[in-house]
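The structure appears below as structure tokens.
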Protein chains: 2
Amino acid sequence: MWQTPGMAAPRTARAIARAELTQQIKDEALRQLGAAGAGELSLRAISRELGMVSSALYRYFASRDELLTALIIDAYADLADALDAADARFSDPEQATPATPVAEPPTPGARAEPPSPATRAEPPWPGTQAERWAAAAVALRNWALAQPHRYSLLYGTPVPGYRAPMETTVPAERVMTAFFRPLEAVALAGGPAGDVTDAGLNAQLRAAGTLLGPHIAPVRLAAGVAALAQVIGFVTLEIGGHFRGGFEPADALYARAVDVLTGSLGLVD
Amino acid sequence: MWQTPGMAAPRTARAIARAELTQQIKDEALRQLGAAGAGELSLRAISRELGMVSSALYRYFASRDELLTALIIDAYADLADALDAADARFSDPEQATPATPVAEPPTPGARAEPPSPATRAEPPWPGTQAERWAAAAVALRNWALAQPHRYSLLYGTPVPGYRAPMETTVPAERVMTAFFRPLEAVALAGGPAGDVTDAGLNAQLRAAGTLLGPHIAPVRLAAGVAALAQVIGFVTLEIGGHFRGGFEPADALYARAVDVLTGSLGLVD
DNA sequence: TCTCAAACGTGAGCACCGCTCTTGTTTTCT
DNA sequence: AGAAAACAAGAGCGGTGCTCACGTTTGAGA
């Protein structure tokens with residue numbers, strides 16, 4: 001059987017070489033992805049650069065789409081790590097003992113379980129939840145501007161005719177939860193937010209909330225989705241060049257938008 | 001010289017045939033775009049379908065990128081038309097005499113000039129400006145969901161390694177202005193919104209406002225950009241499948257988000 | 001009306017692509 | 001030690017974007 005990302009550390013020499021080469025392929029693919037678009041990614045060029053025959057590459061990735069899927073999964077995990085790191089760095093700039101679990105090794109595929117906040121209240125947090133959410137929003141934009149091609153892989157056009165397989169949904173959710181963690185925290189602290197008038201929407205939000213944050217009331221969950229949409233939309237427009245000639249650089253504008261959003265989320269103290 | 005979209009009606013038989021064939025090429029390209037992704041668009045397949053040799057196609061579009069550019073320009077114009085139509089339909093469901101110029105023929109490349117509202121107040125509008133903005137937001141989502149591949153062409157990943165040329169910026173702006181027209185209307189009606197604390201951002205917004213709406217105060221302009229970003233982000237996430245498993249169908253959620261946005265824009269009566 | 005250049009369609013061809021299959025070698029497991 | 005699995009290599013298939021040389025058609029100016 002082939003090696004899957006979640007497997008234990010390789011033991012045999014062949015497995016080690018395989019893991020090494022697999023990573024080299026992904027690295028080179030990422031390099032080409034940065035130089036051109038996702039459509040230009042060429043398996044032949046990758047194999048050429050790595051000094052192997054093109055057909056040999058198919059022992060590591062069954063197809064071009066499978067390589068892209070691997071890159072997408074890695075990108076989700078990397079982005080989620082960046083968001084977690086921002087959360088931790090915000091919590092304590094010096095030490096590395098954040099309240100949120102972030103020290104876990106970057107094994108993609110492993111999902112960050114919420115620290116069972118069902119019974120007890122959230123552990124004490126040095127900053128406000130508003131600052132926490134803002135830190136995630138800023139971290140996402142920084143990550144996206146630093147490597148736009150990877151961001152486009154995640155939130156841009158679904159590549160050529162490519163449909164995201166199941167394996168990507170789990171790491172994708174890790175990114176979303178990073179933005180709903182502060183909302184869950186204020187909900188546990190006893191936020192008053194209530195239901196939404198639309199009964200159907202209310203039920204839908206309650207159902208969806210069980211994954212993202214079981215204690216977030218529908219009205220706040222809807223606001224959370226809207227806020228996340230604004231963040232994604234802002235970065236997407238900026239990367240897509242739609243802000244050129246007027247709104248660029250967009251740092252100050254983004255900072256203000258995030259500030260307004262944290263207010264609308266009811267994250268004020 | 002080749003025919004450009006803004007030229008007068010063709011006279012000679014050859015020019016007629018050229019315009020016809022050019023449109024057929026774009027139609028077939030759009031058909032293939034819907035069947036697969038933008039990366040799968042094949043000039044050879046198009047020419048094959050049209051019963052011509054592949055090399056003949058290059059008499060009409062110098063390259064694949066040029067074809068894509070033409071499709072993008074058309075898509076922007078079509079979307080802008082849809083937004084204008086929604087505005088007009090909202091204004092008067094029966095007649096075709098809206099306050100906003102929409103009756104102009106769909107000649108792409110022609111830009112909708114604001115009806116010189118500098119001196120006089122905006123003409124009377126049957127509905128509130130909030131309803132007007134909401135109509136645009138809903139129309140954009142409907143247009144996007146009806147033809148996601150075209151939407152992705154505009155606001156998704158910049159295709160393969162493709163960079164939008166100048167020609168696309170003008171029709172792209174037509175879409176943006178549709179969302180800022182209501183803001184300009186309330187600004188002319190004497191809205192009180194003022195400046196933003198950040199001096200640099202304020203200057204930037206004042207400069208950018210001269211194009212989108214000269215009378216929109218910075219604080220409202222910033223809110224307008226944020227609201228547009230949220231709309232784009234919402235639709236992008238929905239089309240990208242990020243709402244699957246929880247937030248889909250997203251009609252009610254979107255309706256609520258738009259409702260909240262119109263309030264944040266200060267478009268209430 | 002005639003002429004000539006521009007526009008046009010055709011087919012061969014180049015370099016690249018994703019992917020498959022066969023062959024022979026190397027590594028691992030039993 | 002022997003069998004089975006993993007691997008690298010090379011040839012090959014059908015597809016792509018794009019170029020070029022070649023004849024034909026068309027339309028505008030002399």
Side-chain angles (χ1 to χ4, degrees), chain A residues 1-4 7-26 28-29 32-33 35-71 159-163, chain B residues 1-4 7-26 28-29 32-33 35-71 159-163:
Chain A
M1 202 57 176
W2 284 7
Q3 166 150 0
T4 56
M7 281 182 59
R11 318 229 16 191
T12 76
R14 181 165 258 175
I16 292 177
R18 177 177 186 85
E20 166 72 14
L21 192 47
T22 301
Q23 190 57 47
Q24 281 188 12
I25 292 173
K26 290 199 286 188
E28 177 60 25
Q32 291 194 17
L33 208 81
E40 314 294 343
L41 205 162
S42 157
L43 298 188
R44 284 185 120 110
I46 293 174
S47 61
R48 208 180 303 129
E49 207 71 22
L50 263 54
M52 53 166 63
V53 192
S54 68
S55 59
L57 206 148
Y58 287 83
R59 301 251 170 214
Y60 299 85
F61 295 95
S63 70
R64 209 186 82 118
D65 274 13
E66 195 167 285
L67 213 195
L68 278 173
T69 301
L71 294 183
V159 183
Y162 168 88
R163 261 186 77 79
Chain B
M1 203 55 176
W2 285 8
Q3 166 151 0
T4 57
M7 281 182 59
R11 319 242 1 212
T12 77
R14 181 167 258 175
I16 292 176
R18 177 176 187 84
E20 167 73 13
L21 192 46
T22 302
Q23 190 56 46
Q24 281 187 12
I25 292 172
K26 292 200 286 189
E28 177 61 25
Q32 290 194 17
L33 208 81
E40 314 294 343
L41 205 161
S42 157
L43 297 188
R44 285 184 118 110
I46 293 173
S47 61
R48 208 179 304 129
E49 208 71 21
L50 264 53
M52 53 165 60
V53 186
S54 68
S55 58
L57 207 148
Y58 287 83
R59 302 261 175 207
Y60 298 85
F61 295 94
S63 69
R64 207 184 83 118
D65 274 12
E66 195 167 285
L67 212 196
L68 278 173
T69 301
L71 293 182
V159 182
Y162 167 88
R163 261 186 76 79

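The separation between E40(B) atom CD and dG17(D) atom C1' is 14 Å, rounded to whole Å. Put simply, CD1 on I25(B) is 11 Å from P on dC8(C), counting in whole angstrom units. Here the C1' atom of nucleotide dG9(C) and the CZ atom of R18(B) are 13 Å apart, to the nearest Å. With rounding to whole Å, E20(B) atom CD is found 17 Å from dC8(C) atom C1'. Between the CZ atom of R14(A) and the P atom of dC7(D) there is a distance of 6 Å, rounded to whole Å. Computed from coordinates, the M52(B) CE to dC18(D) C1' distance equals 16 Å when rounded to whole Å. Atom CZ of R59(A) and atom C1' of dT20(C) are 11 Å apart (whole Å). Computed from coordinates, the Y58(B) OH to dA7(C) C1' distance equals 19 Å when rounded to whole Å.
Side-chain contact check for L21(B) versus M52(B): some heavy-atom pair is nearer than 4.5 Å. The shortest side-chain heavy-atom distance between L57(B) and L50(B) does not fall under the 4.5 Å cut-off. The closest side-chain heavy-atom distance from F61(A) to T69(A) is not below 4.5 Å. The closest side-chain heavy-atom distance from L43(A) to Y58(A) is below 4.5 Å.
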How does each nucleotide of nucleotides 11-17 of chain C score, in 5' to 3' order, for protein heavy atoms under 4.0 Å: base (B), sugar-phosphate only (S), or none (-)?
B-B---B
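Panel note: side chain Q23(A), backbone A19(A); no donor-acceptor pair is recorded below 3.5 Å.
The side chain of T12(A) approaches dT28(C) more closely than any other nucleotide in the set dA8(D), dT28(C), dG9(C).
Scored by the side-chain hydrogen bond (donor to acceptor under 3.5 Å, both in side chains) test, E20(A) finds Q24(A) as partners (sequence neighbours excluded).
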